[in-house]
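Here's the structure we're looking at; comments come further down.
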Amino acid sequence: MAVYCLVGNSSEILMCGHWRFQSFISVDVATDMEKIEDQFANLHIVRRSSELKEPTYLLGIDTSKTVHTERGGFVAVLCSNGSIRIYDKETLNLLREFSGSPGLLNGVRFANSCDSVYSASTDGTVKCWDTRSASEKPAQLFKGYPSNSFISFDVNCKDHVICAGAEKVDDDALLVFWDARFTSQDLSLRDPLGAYSETHSDDITQVRFHPSNPNMVVSGSTDGLVNVFDLSIDNEEDALVATCNSVSSVSYIGWCGRDYKQIYCMTHDEGFCWWDLNHLDTDEPITCLNIQDVREITDVKEGHLDYLIGGLYHEKMDRLFVIGGTNTGKIHLLSCTSAGLTHMTSLHGGHAATVRSFCWNVSEDSLLTGGEDAQLLLWKPGAMEKTFTKKDSLKIASSVQQRVRVHSSDSYKKRKQQ
(Lines give C-alpha, C1' and ligand atoms only; values in the text may rest on other atoms or scores of the structure.)
Protein backbone atom coordinates (compact mmCIF):
# COMPACT_ATOMS: atom_id res chain seq x y z
CA MET A 1 0.00 0.00 0.00
CA ALA A 2 -1.86 1.69 1.45
CA VAL A 3 -1.60 3.38 0.73
CA TYR A 4 1.27 3.54 2.29
CA CYS A 5 -3.35 4.60 -0.70
CA LEU A 6 0.16 3.91 0.32
CA VAL A 7 -2.25 0.56 0.18
CA GLY A 8 -4.37 -2.18 -1.38
CA ASN A 9 -4.17 -4.28 -4.53
CA SER A 10 -6.92 -4.79 -7.12
CA SER A 11 -7.82 -5.77 -10.65
CA GLU A 12 -7.42 -2.08 -11.44
CA ILE A 13 -3.87 -2.33 -10.07
CA LEU A 14 -3.78 0.65 -7.76
CA MET A 15 -2.06 1.38 -4.50
CA CYS A 16 -2.92 4.40 -2.40
CA GLY A 17 0.09 6.16 -0.96
CA HIS A 18 2.01 3.46 -2.76
CA TRP A 19 0.93 3.73 -6.41
CA ARG A 20 1.27 0.78 -8.69
CA PHE A 21 1.15 1.58 -12.42
CA GLN A 22 0.20 -0.69 -15.30
CA SER A 23 -1.47 1.66 -17.76
CA PHE A 24 1.49 3.14 -19.64
CA ILE A 25 3.08 1.06 -22.42
CA SER A 26 5.98 2.73 -24.19
CA VAL A 27 9.30 1.60 -25.58
CA ASP A 28 11.14 4.80 -24.79
CA VAL A 29 11.63 5.46 -21.06
CA ALA A 30 12.14 9.19 -21.58
CA THR A 31 8.80 9.38 -23.37
CA ASP A 32 7.15 7.49 -20.53
CA MET A 33 8.67 9.92 -18.01
CA GLU A 34 7.27 12.83 -19.99
CA LYS A 35 3.84 11.17 -20.05
CA ILE A 36 3.85 10.71 -16.28
CA GLU A 37 5.01 14.28 -15.75
CA ASP A 38 2.31 15.60 -18.08
CA GLN A 39 -0.38 13.41 -16.55
CA PHE A 40 0.45 14.61 -13.04
CA ALA A 41 0.78 18.26 -14.08
CA ASN A 42 -2.55 18.21 -15.96
CA LEU A 43 -4.60 17.12 -12.95
CA HIS A 44 -7.17 19.65 -11.72
CA ILE A 45 -9.65 19.68 -8.85
CA VAL A 46 -13.09 18.45 -9.92
CA ARG A 47 -14.61 17.61 -6.52
CA ARG A 48 -14.06 18.44 -2.88
CA SER A 49 -15.82 17.02 0.15
CA SER A 50 -18.37 19.27 1.84
CA GLU A 51 -17.48 21.07 5.04
CA LEU A 52 -18.38 19.23 8.24
CA LYS A 53 -19.20 20.56 11.68
CA GLU A 54 -16.09 18.91 13.07
CA PRO A 55 -13.12 19.56 10.74
CA THR A 56 -10.15 17.23 11.20
CA TYR A 57 -6.78 16.40 9.69
CA LEU A 58 -7.14 13.72 6.98
CA LEU A 59 -4.35 11.28 7.78
CA GLY A 60 -4.94 8.33 5.44
CA ILE A 61 -6.91 7.38 2.32
CA ASP A 62 -7.82 4.06 0.71
CA THR A 63 -10.36 3.10 -1.96
CA SER A 64 -12.46 -0.05 -2.29
CA LYS A 65 -10.98 -2.74 -4.55
CA THR A 66 -14.14 -4.57 -5.59
CA VAL A 67 -15.92 -3.58 -8.81
CA HIS A 68 -19.65 -2.82 -8.73
CA THR A 69 -21.68 -2.32 -11.90
CA GLU A 70 -24.68 -0.92 -10.06
CA ARG A 71 -22.78 1.74 -8.12
CA GLY A 72 -19.45 3.41 -7.73
CA GLY A 73 -16.78 2.56 -5.21
CA PHE A 74 -16.02 3.83 -1.73
CA VAL A 75 -13.31 6.05 -0.29
CA ALA A 76 -12.26 5.52 3.33
CA VAL A 77 -10.53 8.40 5.12
CA LEU A 78 -8.71 8.20 8.47
CA CYS A 79 -9.41 11.35 10.52
CA SER A 80 -7.50 12.83 13.43
CA ASN A 81 -10.65 12.82 15.61
CA GLY A 82 -10.39 9.02 15.80
CA SER A 83 -12.93 8.14 13.12
CA ILE A 84 -13.11 6.55 9.65
CA ARG A 85 -15.29 8.43 7.15
CA ILE A 86 -16.72 6.63 4.12
CA TYR A 87 -17.34 8.71 0.98
CA ASP A 88 -18.81 8.01 -2.43
CA LYS A 89 -15.82 7.70 -4.76
CA GLU A 90 -17.26 9.87 -7.55
CA THR A 91 -19.26 12.54 -5.71
CA LEU A 92 -17.27 12.66 -2.43
CA ASN A 93 -20.58 12.71 -0.57
CA LEU A 94 -20.19 11.51 3.01
CA LEU A 95 -22.03 8.18 3.41
CA ARG A 96 -21.25 7.15 6.98
CA GLU A 97 -18.71 7.48 9.77
CA PHE A 98 -17.23 4.84 12.06
CA SER A 99 -15.81 5.71 15.48
CA GLY A 100 -12.71 4.10 16.91
CA SER A 101 -13.71 4.94 20.48
CA PRO A 102 -12.41 4.33 23.09
CA GLY A 103 -9.07 4.25 21.25
CA LEU A 104 -7.53 6.36 18.50
CA LEU A 105 -7.31 4.78 15.06
CA ASN A 106 -4.10 4.35 13.06
CA GLY A 107 -4.11 3.44 9.36
CA VAL A 108 -7.01 2.58 7.05
CA ARG A 109 -7.24 -0.31 4.60
CA PHE A 110 -9.97 -1.86 2.47
CA ALA A 111 -10.04 -5.62 2.07
CA ASN A 112 -8.99 -6.86 -1.37
CA SER A 113 -12.01 -9.09 -1.95
CA CYS A 114 -14.92 -7.19 -0.36
CA ASP A 115 -15.96 -3.76 0.94
CA SER A 116 -14.84 -4.31 4.52
CA VAL A 117 -12.54 -1.63 5.91
CA TYR A 118 -9.93 -2.09 8.66
CA SER A 119 -8.08 0.14 11.11
CA ALA A 120 -5.80 -0.45 14.10
CA SER A 121 -6.58 1.10 17.45
CA THR A 122 -4.67 2.24 20.50
CA ASP A 123 -7.21 0.27 22.57
CA GLY A 124 -5.36 -2.91 21.56
CA THR A 125 -7.63 -4.07 18.74
CA VAL A 126 -7.86 -4.07 14.95
CA LYS A 127 -11.41 -3.19 13.94
CA CYS A 128 -13.24 -4.27 10.78
CA TRP A 129 -16.42 -2.52 9.58
CA ASP A 130 -18.85 -3.48 6.81
CA THR A 131 -19.20 -0.34 4.67
CA ARG A 132 -22.53 -1.61 3.34
CA SER A 133 -24.02 -1.59 6.83
CA ALA A 134 -25.45 1.44 8.60
CA SER A 135 -24.28 0.02 11.94
CA GLU A 136 -21.36 1.85 13.55
CA LYS A 137 -20.38 -1.30 15.44
CA PRO A 138 -17.41 -3.22 13.98
CA ALA A 139 -18.38 -6.42 12.20
CA GLN A 140 -15.22 -8.04 13.56
CA LEU A 141 -12.81 -7.20 16.36
CA PHE A 142 -9.28 -8.60 16.38
CA LYS A 143 -8.12 -8.47 19.98
CA GLY A 144 -4.48 -8.11 20.96
CA TYR A 145 -2.61 -9.05 24.12
CA PRO A 146 -2.99 -7.12 27.39
CA SER A 147 -1.34 -3.67 27.29
CA ASN A 148 -1.13 -3.65 23.45
CA SER A 149 -1.60 -0.25 21.81
CA PHE A 150 -1.57 -0.62 18.03
CA ILE A 151 -0.19 2.21 15.85
CA SER A 152 0.26 0.39 12.50
CA PHE A 153 -1.17 -2.60 10.64
CA ASP A 154 -1.80 -4.22 7.25
CA VAL A 155 -3.83 -7.04 5.67
CA ASN A 156 -2.14 -9.47 3.26
CA CYS A 157 -3.06 -9.66 -0.44
CA LYS A 158 -5.38 -12.66 0.10
CA ASP A 159 -7.17 -11.10 3.12
CA HIS A 160 -6.07 -14.14 5.15
CA VAL A 161 -3.68 -12.57 7.67
CA ILE A 162 -3.65 -9.29 9.62
CA CYS A 163 -0.47 -7.98 11.22
CA ALA A 164 -0.39 -5.02 13.63
CA GLY A 165 2.54 -3.13 15.14
CA ALA A 166 2.38 -2.02 18.78
CA GLU A 167 3.90 0.71 20.89
CA LYS A 168 6.73 -0.45 23.13
CA VAL A 169 5.61 -1.51 26.62
CA ASP A 170 8.34 -2.29 29.15
CA ASP A 171 10.89 -4.16 27.00
CA ASP A 172 8.47 -5.46 24.35
CA ALA A 173 7.55 -4.05 20.95
CA LEU A 174 5.23 -6.61 19.37
CA LEU A 175 4.13 -7.55 15.88
CA VAL A 176 0.81 -9.36 16.43
CA PHE A 177 -0.87 -11.67 13.89
CA TRP A 178 -4.47 -12.87 13.36
CA ASP A 179 -6.27 -15.25 11.01
CA ALA A 180 -8.67 -12.93 9.13
CA ARG A 181 -10.47 -15.60 7.13
CA PHE A 182 -14.24 -15.92 7.47
CA THR A 183 -15.57 -19.36 8.37
CA SER A 184 -19.01 -20.98 8.58
CA GLN A 185 -18.80 -20.56 12.36
CA ASP A 186 -17.36 -17.09 12.26
CA LEU A 187 -16.74 -15.23 15.50
CA SER A 188 -17.00 -11.46 15.81
CA LEU A 189 -14.10 -11.44 18.32
CA ARG A 190 -10.76 -12.95 17.26
CA ASP A 191 -7.74 -13.78 19.41
CA PRO A 192 -4.18 -13.57 18.05
CA LEU A 193 -2.40 -16.39 16.27
CA GLY A 194 0.85 -15.24 17.88
CA ALA A 195 3.40 -12.43 17.94
CA TYR A 196 7.01 -11.47 17.15
CA SER A 197 8.79 -9.78 20.05
CA GLU A 198 12.54 -10.01 19.47
CA THR A 199 13.23 -7.99 16.30
CA HIS A 200 12.27 -4.40 17.22
CA SER A 201 13.28 -2.46 20.33
CA ASP A 202 10.84 0.47 20.03
CA ASP A 203 7.40 1.46 18.70
CA ILE A 204 6.51 -0.30 15.42
CA THR A 205 5.28 2.56 13.25
CA GLN A 206 4.83 0.79 9.88
CA VAL A 207 3.66 -2.62 8.59
CA ARG A 208 3.35 -3.48 4.88
CA PHE A 209 2.61 -6.84 3.27
CA HIS A 210 4.08 -7.74 -0.12
CA PRO A 211 1.70 -6.81 -2.99
CA SER A 212 1.52 -10.39 -4.35
CA ASN A 213 3.25 -12.77 -1.90
CA PRO A 214 0.93 -13.25 1.11
CA ASN A 215 3.77 -14.58 3.30
CA MET A 216 6.14 -11.62 3.00
CA VAL A 217 5.80 -8.59 5.29
CA VAL A 218 8.06 -5.66 6.15
CA SER A 219 7.95 -3.61 9.36
CA GLY A 220 9.50 -0.30 10.41
CA SER A 221 10.10 1.20 13.83
CA THR A 222 11.27 4.27 15.71
CA ASP A 223 14.37 2.18 16.45
CA GLY A 224 15.37 2.86 12.83
CA LEU A 225 15.18 -0.79 11.76
CA VAL A 226 13.27 -2.06 8.73
CA ASN A 227 12.73 -5.82 9.02
CA VAL A 228 11.58 -8.24 6.31
CA PHE A 229 9.85 -11.48 7.36
CA ASP A 230 8.76 -14.68 5.58
CA LEU A 231 5.71 -15.91 7.50
CA SER A 232 5.88 -19.35 5.90
CA ILE A 233 8.80 -20.07 8.25
CA ASP A 234 7.74 -21.16 11.73
CA ASN A 235 9.81 -19.18 14.24
CA GLU A 236 10.64 -15.48 14.42
CA GLU A 237 14.43 -15.83 14.25
CA ASP A 238 14.37 -17.92 11.07
CA ALA A 239 11.48 -15.93 9.54
CA LEU A 240 13.58 -12.75 9.66
CA VAL A 241 14.89 -12.50 6.10
CA ALA A 242 16.63 -9.13 6.32
CA THR A 243 17.25 -6.22 8.69
CA CYS A 244 18.00 -2.80 7.19
CA ASN A 245 18.93 0.27 9.25
CA SER A 246 17.57 3.71 8.33
CA VAL A 247 19.32 5.24 11.38
CA SER A 248 16.15 7.23 12.12
CA SER A 249 12.51 6.79 13.12
CA VAL A 250 10.59 5.16 10.23
CA SER A 251 7.47 6.99 8.99
CA TYR A 252 6.67 5.09 5.78
CA ILE A 253 7.68 1.86 4.03
CA GLY A 254 6.88 0.26 0.67
CA TRP A 255 7.79 -2.47 -1.81
CA CYS A 256 9.22 -1.81 -5.28
CA GLY A 257 11.45 -3.29 -8.02
CA ARG A 258 10.98 -6.25 -10.36
CA ASP A 259 8.74 -8.81 -8.60
CA TYR A 260 8.74 -6.36 -5.69
CA LYS A 261 12.09 -7.57 -4.36
CA GLN A 262 13.17 -4.14 -3.19
CA ILE A 263 11.99 -2.06 -0.24
CA TYR A 264 12.22 1.61 0.64
CA CYS A 265 11.43 3.77 3.66
CA MET A 266 10.98 7.37 4.71
CA THR A 267 11.78 8.76 8.13
CA HIS A 268 10.18 11.30 10.44
CA ASP A 269 13.07 13.71 9.83
CA GLU A 270 12.55 13.44 6.03
CA GLY A 271 15.23 10.87 5.26
CA PHE A 272 14.92 8.31 2.47
CA CYS A 273 16.40 4.80 2.14
CA TRP A 274 16.15 2.21 -0.63
CA TRP A 275 17.38 -1.41 -0.45
CA ASP A 276 17.63 -4.30 -2.97
CA LEU A 277 16.79 -7.68 -1.41
CA ASN A 278 18.11 -9.48 -4.51
CA HIS A 279 21.61 -8.84 -3.16
CA LEU A 280 21.11 -10.51 0.23
CA ASP A 281 22.97 -13.67 -0.81
CA THR A 282 25.62 -11.91 -2.90
CA ASP A 283 28.64 -9.70 -2.28
CA GLU A 284 26.78 -6.74 -3.77
CA PRO A 285 25.66 -4.01 -1.34
CA ILE A 286 21.91 -4.00 -0.73
CA THR A 287 21.70 -0.20 -0.28
CA CYS A 288 20.61 1.57 -3.46
CA LEU A 289 20.18 5.02 -1.92
CA ASN A 290 20.48 6.57 1.54
CA ILE A 291 19.63 10.24 2.03
CA GLN A 292 19.75 11.67 5.55
CA ASP A 293 17.57 14.70 4.76
CA VAL A 294 15.87 14.97 1.37
CA ARG A 295 15.13 18.67 1.92
CA GLU A 296 18.81 19.58 1.91
CA ILE A 297 19.72 18.02 -1.44
CA THR A 298 16.55 18.15 -3.56
CA ASP A 299 16.32 21.05 -6.00
CA VAL A 300 12.65 21.89 -6.58
CA LYS A 301 11.84 24.10 -9.55
CA GLU A 302 10.54 27.47 -8.38
CA GLY A 303 9.98 26.26 -4.85
CA HIS A 304 11.13 24.05 -1.99
CA LEU A 305 10.36 20.74 -0.27
CA ASP A 306 9.17 20.64 3.35
CA TYR A 307 8.31 16.96 3.83
CA LEU A 308 7.78 13.54 2.24
CA ILE A 309 4.31 11.95 1.93
CA GLY A 310 4.83 8.54 0.33
CA GLY A 311 6.08 6.59 -2.66
CA LEU A 312 4.96 4.76 -5.80
CA TYR A 313 6.44 2.10 -8.06
CA HIS A 314 5.87 2.13 -11.84
CA GLU A 315 5.89 -1.53 -12.94
CA LYS A 316 6.24 -1.03 -16.70
CA MET A 317 9.13 1.40 -16.32
CA ASP A 318 10.63 -0.33 -13.28
CA ARG A 319 10.94 3.11 -11.71
CA LEU A 320 10.35 4.33 -8.15
CA PHE A 321 8.77 7.74 -7.53
CA VAL A 322 8.53 9.77 -4.32
CA ILE A 323 5.82 12.25 -3.34
CA GLY A 324 6.54 15.28 -1.17
CA GLY A 325 5.02 18.66 -0.43
CA THR A 326 5.14 22.06 1.23
CA ASN A 327 3.47 23.41 4.35
CA THR A 328 1.28 25.59 2.14
CA GLY A 329 -0.22 22.61 0.29
CA LYS A 330 1.87 22.23 -2.85
CA ILE A 331 2.46 18.59 -3.94
CA HIS A 332 5.76 17.52 -5.60
CA LEU A 333 6.46 14.46 -7.78
CA LEU A 334 10.09 13.24 -7.58
CA SER A 335 11.82 10.61 -9.68
CA CYS A 336 14.09 8.20 -7.79
CA THR A 337 17.30 6.59 -9.11
CA SER A 338 20.47 5.36 -7.44
CA ALA A 339 21.91 8.82 -8.18
CA GLY A 340 19.27 10.54 -6.04
CA LEU A 341 15.87 12.24 -6.22
CA THR A 342 14.94 14.58 -9.08
CA HIS A 343 11.95 16.95 -9.05
CA MET A 344 9.64 16.38 -12.04
CA THR A 345 6.53 18.54 -11.55
CA SER A 346 4.11 19.88 -8.94
CA LEU A 347 0.41 20.41 -8.17
CA HIS A 348 -0.78 23.56 -6.43
CA GLY A 349 -3.93 25.54 -5.75
CA GLY A 350 -5.77 22.78 -3.91
CA HIS A 351 -4.65 22.53 -0.30
CA ALA A 352 -3.75 25.38 2.05
CA ALA A 353 -1.76 23.29 4.52
CA THR A 354 0.34 20.13 4.82
CA VAL A 355 -0.90 17.24 2.67
CA ARG A 356 -1.03 14.05 4.76
CA SER A 357 -2.48 11.41 2.41
CA PHE A 358 -3.13 10.54 -1.23
CA CYS A 359 -4.46 7.81 -3.53
CA TRP A 360 -3.90 7.79 -7.30
CA ASN A 361 -5.90 5.45 -9.55
CA VAL A 362 -4.04 5.57 -12.85
CA SER A 363 -6.53 3.45 -14.80
CA GLU A 364 -9.18 6.08 -14.03
CA ASP A 365 -6.64 8.93 -14.19
CA SER A 366 -7.74 10.30 -10.82
CA LEU A 367 -5.97 11.44 -7.66
CA LEU A 368 -7.39 11.81 -4.14
CA THR A 369 -5.58 13.96 -1.56
CA GLY A 370 -6.26 14.83 2.07
CA GLY A 371 -4.60 17.38 4.31
CA GLU A 372 -4.43 19.38 7.51
CA ASP A 373 -6.94 21.84 6.01
CA ALA A 374 -9.66 19.14 6.43
CA GLN A 375 -10.16 18.90 2.68
CA LEU A 376 -10.61 15.73 0.65
CA LEU A 377 -9.92 16.63 -3.00
CA LEU A 378 -10.54 14.67 -6.20
CA TRP A 379 -8.18 15.60 -9.05
CA LYS A 380 -8.73 14.66 -12.71
CA PRO A 381 -7.39 15.95 -16.04
CA GLY A 382 -9.32 18.58 -17.97
CA ALA A 383 -12.14 20.68 -16.57
CA MET A 384 -11.78 22.29 -13.17
CA GLU A 385 -14.57 22.63 -10.61
CA LYS A 386 -16.73 25.69 -11.20
CA THR A 387 -16.21 27.38 -7.86
CA PHE A 388 -14.07 26.68 -4.85
CA THR A 389 -12.42 28.51 -2.00
CA LYS A 390 -9.02 27.54 -0.71
CA LYS A 391 -9.47 26.65 2.95
CA ASP A 392 -7.34 27.88 5.81
CA SER A 393 -5.22 25.57 7.91
CA LEU A 394 -6.91 24.11 10.99
CA LYS A 395 -6.04 24.66 14.61
CA ILE A 396 -6.45 21.33 16.38
CA ALA A 397 -6.05 20.50 20.05
CA SER A 398 -2.56 19.54 21.17
CA SER A 399 -3.77 16.11 22.33
CA VAL A 400 -4.64 15.29 18.74
CA GLN A 401 -1.41 16.75 17.40
CA GLN A 402 0.50 14.33 19.60
CA ARG A 403 -1.13 11.38 17.81
CA VAL A 404 -0.54 12.54 14.22
CA ARG A 405 2.68 12.63 12.28
CA VAL A 406 4.83 15.68 12.93
CA HIS A 407 7.41 16.54 10.30
CA SER A 408 10.58 17.44 12.15
CA SER A 409 12.32 20.62 11.06
CA ASP A 410 14.65 21.13 14.01
CA SER A 411 17.57 19.04 12.72
CA TYR A 412 17.18 20.55 9.27
CA LYS A 413 17.31 24.12 10.62
CA LYS A 414 20.33 23.35 12.79
CA ARG A 415 22.31 21.90 9.86
CA LYS A 416 21.40 24.85 7.65
CA GLN A 417 22.77 27.23 10.28
CA GLN A 418 26.11 25.42 10.50
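Not measured: the values here are computed from a predicted model.
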Have [X] and [Y] got a donor and an acceptor in their side chains that come within less than 3.5 Å?
| X | Y | result |
| --- | --- | --- |
| N290 | T287 | no |
| D306 | H304 | yes |
| T222 | D203 | no |
| T56 | N81 | no |
| D159 | S113 | yes |
| S251 | Q206 | no |

[X] vs [Y] aromatic rings, parallel, tilted or perpendicular, using cut-offs 30° and 60°?
| X | Y | value |
| --- | --- | --- |
| Y118 | F153 | tilted |
| W360 | F40 | perpendicular |
| Y196 | F177 | perpendicular |
| Y264 | Y252 | tilted |

| query | With respect to F358, which candidate in L377, L368, I61, I323 satisfies the side-chain contact (heavy atoms from CB on, under 4.5 Å) definition? | reply |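 Testing F358 for a side-chain contact (heavy atoms from CB on, under 4.5 Å) against L377, L368, I61, I323 leaves exactly one candidate, I323.
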| query | To the nearest 0.5 Å, what is the distance between NZ (K143) and NZ (K127)? | reply |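 Answer rounded to 0.5 Å: 11.5 Å.
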| said: Is the positively charged end of R319 above the ring of Y313, judged by distance under 6.0 angstrom from the centroid and angle within 45° of the axis? | reply: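 Pair R319/Y313 does not count as cation-pi.
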| message | Would the distance check show the side chain of N42 and the main-chain N or O of P381 forming a donor-acceptor pair, the cut-off being under 3.5 Å? | response |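 Judged by distance alone, no pair lies under 3.5 Å.
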| said: Treating S338 as the side-chain partner and C288 as the backbone partner, does any N or O pair qualify as donor plus acceptor under 3.5 Å? | reply: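 Checking the backbone N and O of C288 against the side chain of S338, no donor-acceptor pair under 3.5 Å is found.
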| said: Check this for me, if you would: do R258 and D318 make a salt bridge, where the nitrogen-to-carboxylate-oxygen distance has to be below 4.0 angstrom? | reply: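 Yes.
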| Between K380 and E90, does at least one N-O distance fall below 4.0 Å, as a salt bridge requires? |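 The answer is yes: the pair qualifies as a salt bridge.
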| message | I need the minimum non-hydrogen distance between C265 and S246, along with the two atoms involved. | response |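 Heavy atoms only, the tightest pair is SG-CB, 3.7 Å.
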